[in-house]
Amino acid sequence: MHLETSRRTLLAGGVAGGVAGLAAAGAARAAPQSGREEAAVLAPRPPMGWNSWNSFATTITEAQARETARIMADKLLPFGYDIFTVDIQWYEPEASSYTYNAKPRPAMDAHGRMIPAPNRFPSSAGGQGFAPLAQAVHALGLKFGIHVMRGIPRAAVEANLPILGTGLRAADIADRTSICSWNSDMYGVDMARPGAQAYYDSIFRLYADWGVDFVKMDDMSRPYDAHAAEIEAAHKAIQATGRPIILSLSPGETPVIRGDHVRNHAQMWRISDDFWDEWPMLEAQFTRLENWTPWRGPGSWPDADMLPLGRLALGERDTRFTPDEQRTLMTLWAIARSPLIMGGDLRHLDAATLALLTNREVIAVNQASRDNRPHFIEDGMRIWSAVAEDGGGRYLALFNTGDKAREVGIGLDALGLSRPVAVRDLWAGRALGSQAKRVAADLPPHGAALYRLS
């Protein structure tokens with residue numbers, strides 16, 4: 001997630017003046033980019049892709065990854081989904097479920113750096129690491145991403161392995177009091193100690209050599225201040241590689257008050273804990289996405305997490321979201337410009353889910369809009385609007401978050417519009433006629449509508 005000199009020029013500046021200052025700063029950050037400026041920003045638009053967690057947990061193998069990548073390139077890449085990510089514990093030979101082994105024996109190199117477990121990723125044998133898989137993914141036109149945990153492997157500290165390029169060892173930099181509460185694979189790294197930055201430099205140099213384009217780094221954003229030094233270390237290490245690697249911080253909630261720090265060190269950061277297919281979780285994301293509005297813009301994407309759609313949970317079930325809730329999910333992620341990362345098993349991709357993911361007019365809202373903002377009109381409904389980057393009008397999203405059908409609408413004057421507008425339904429792909437004063441829709445419980453007004 002870097003090339004930060006240009007990025008800082010674009011996004012620099014403290015925030016003053018309370019809420020008004022935040023809104024002004026957010027609007028400035030969200031301004032459209034010229035082609036040249038956009039090229040200088042890593043992740044100028046919300047990243048799109050696929051991640052293995054929702055469907056494979058810790059268990060994905062190389063054969064499954066290659067099969068899934070081929071499907072992704074065929075079905076999703078034409079619509080912009082281009083980042084293929086292997087999630088947690090690819091280094092764990094005995095990973096088997098959503099539960100982590102209490103005493104793992106991870107695959108590591110001689111310098112305490114995790115490597116793909118050869119029994120699961122055979123092409124990694126002989127010190128090749130993820131390079132062969134990354135090359136295969138790149139050959140499909142995709143980018144390659146991996147998940148990593150904050151810190152240094154506990155197994156490396158127990159063996160006191162040497163840190164590459166230094167005379168120091170793992171025990172010299174480990175913070176044995178800093179252990180992730182839900183995964184015990186790692187110790188934190190004490191960044192005040194000599195050799196600490198060298199260790200982070202060494203792991204990101206390895207990832208860059210493999211051809212990694214995207215790193216989802218876990219156990220970082222919560223608790224934020226306790227891990228801020230390691231967030232900075234990861235950022236600095238990526239810069240040192242010279243490779244434009246997007247950095248995505250997880251899990252949330254990332255504290256909104258740390259927005260300025262996080263946008264200067266990462267391109268994506270989670271705004272919640274793991275998001276799954278339950279309506280209360282989806283409803284809660286509305287408020288979180290509203291709160292992050294000032295910090296949304298090129299190279300700076302608050303992340304509402306993966307899309308738990310289609311076949312999930314090691315093939316045990318399909319999404320629990322109703323069709324209306326699925327549309328609400330995609331509409332909210334689109335209008336709030338959250339990264340679009342599919343989590344379902346692509347080997348079982350059904351026609352309805354594929355259609356939901358590949359509506360080009362809806363994707364355009366996510367990828368090519370600005371001034372995305374909520375409007376607070378009435379309890380039980382949520383309304384967002386945005387400006388189309390091509391100058392062709394406004395986007396309007398209407399949501400019924402209640403348990404009964406109702407009308408949801410907004411006056412054109414509240415959107416700053418003084419003339420009648422033509423209304424196009426983006427989900428249906430058809431014109432609905434014109435409105436002179438107000439746009440409204442009768443929505444089912446937990447339902448949504450998405451329009452373009454021109």
Side-chain angles (χ1 to χ4, degrees), residues 6-7 10-11 23-49 76-83 267-268 289 292-302 327 330-340 355-375 383-399 410-436 438-439 441 448-454:
S6 299
R7 186 169 175 277
L10 176 68
L11 300 179
R29 276 191 293 276
Q33 305 298 298
S34 71
R36 188 170 181 180
E37 289 172 323
E38 186 173 282
V41 178
L42 197 53
R45 300 175 187 278
M48 299 173 64
L76 297 182
L77 179 60
F79 298 88
Y81 295 85
D82 63 351
I83 302 173
Q267 288 69 52
M268 282 172 57
L289 287 165
W292 276 105
T293 293
W295 304 107
R296 182 183 303 112
S300 178
W301 304 114
R327 180 173 288 191
M330 287 297 296
T331 303
L332 179 59
W333 267 233
I335 195 71
R337 303 198 78 186
S338 177
L340 295 177
L356 196 70
L357 293 169
T358 58
N359 182 311
R360 291 189 186 277
E361 293 183 271
V362 173
I363 291 171
V365 180
N366 180 267
Q367 293 291 295
S369 62
R370 59 182 173 85
D371 297 336
N372 308 68
R373 63 187 60 192
H375 300 269
I383 296 175
W384 279 68
S385 72
V387 176
E389 273 187 9
D390 62 11
R394 297 288 185 90
Y395 292 120
L396 176 66
L398 306 177
F399 302 94
I410 188 171
L412 296 182
D413 57 346
L415 301 174
L417 300 173
S418 58
R419 301 178 183 177
V421 295
V423 181
R424 180 173 176 80
D425 184 330
L426 300 189
W427 281 115
R430 61 185 177 91
L432 298 182
S434 63
Q435 293 293 331
R438 186 169 182 267
V439 177
L450 184 59
Y451 302 126
R452 182 162 180 153
L453 315 180
S454 58

Looking at [X] and [Y], what are the two nearest heavy atoms and their distance?
X: Ser338; Y: Pro46; value: O-CB, 4.0 Å
X: Leu450; Y: Ala397; value: CD1-CB, 3.8 Å
X: Pro374; Y: Thr293; value: CD-OG1, 3.7 Å
X: Pro47; Y: Trp301; value: CD-CD1, 3.7 Å
X: Tyr395; Y: Ala368; value: CE1-O, 4.3 Å
X: Pro339; Y: Trp333; value: O-CD1, 3.5 Å

[X] side chain near [Y] side chain, heavy-atom distance below 4.5 Å:
X: Met48; Y: Phe79; value: no
X: Tyr451; Y: Leu426; value: no
X: Arg394; Y: Val421; value: no
X: Leu396; Y: Ile383; value: yes
X: Trp427; Y: Leu356; value: yes

With rounding to the nearest 0.5 Å, note down the distance linking [atom1] in [X] to [atom2] in [Y].
X: Leu332; Y: Asn366; atom1: CG; atom2: CG; result: 10.5 Å
X: Ile335; Y: Leu398; atom1: CD1; atom2: CG; result: 9.5 Å
X: Leu453; Y: Leu432; atom1: CG; atom2: CG; result: 10.0 Å

Sole candidate of Arg430, Arg424, Arg452 that passes salt bridge (Lys or Arg N to Asp or Glu O under 4.0 Å) when paired with Glu361: Arg424

Take Arg45 and Arg337 through the test side chain to side chain contact (heavy atoms under 4.5 Å, CB included) and record every step on the way to the result. CA-CA 8 Å; Arg45 300 175 187 278; Arg337 303 198 78 186; 4.2 Å; yes

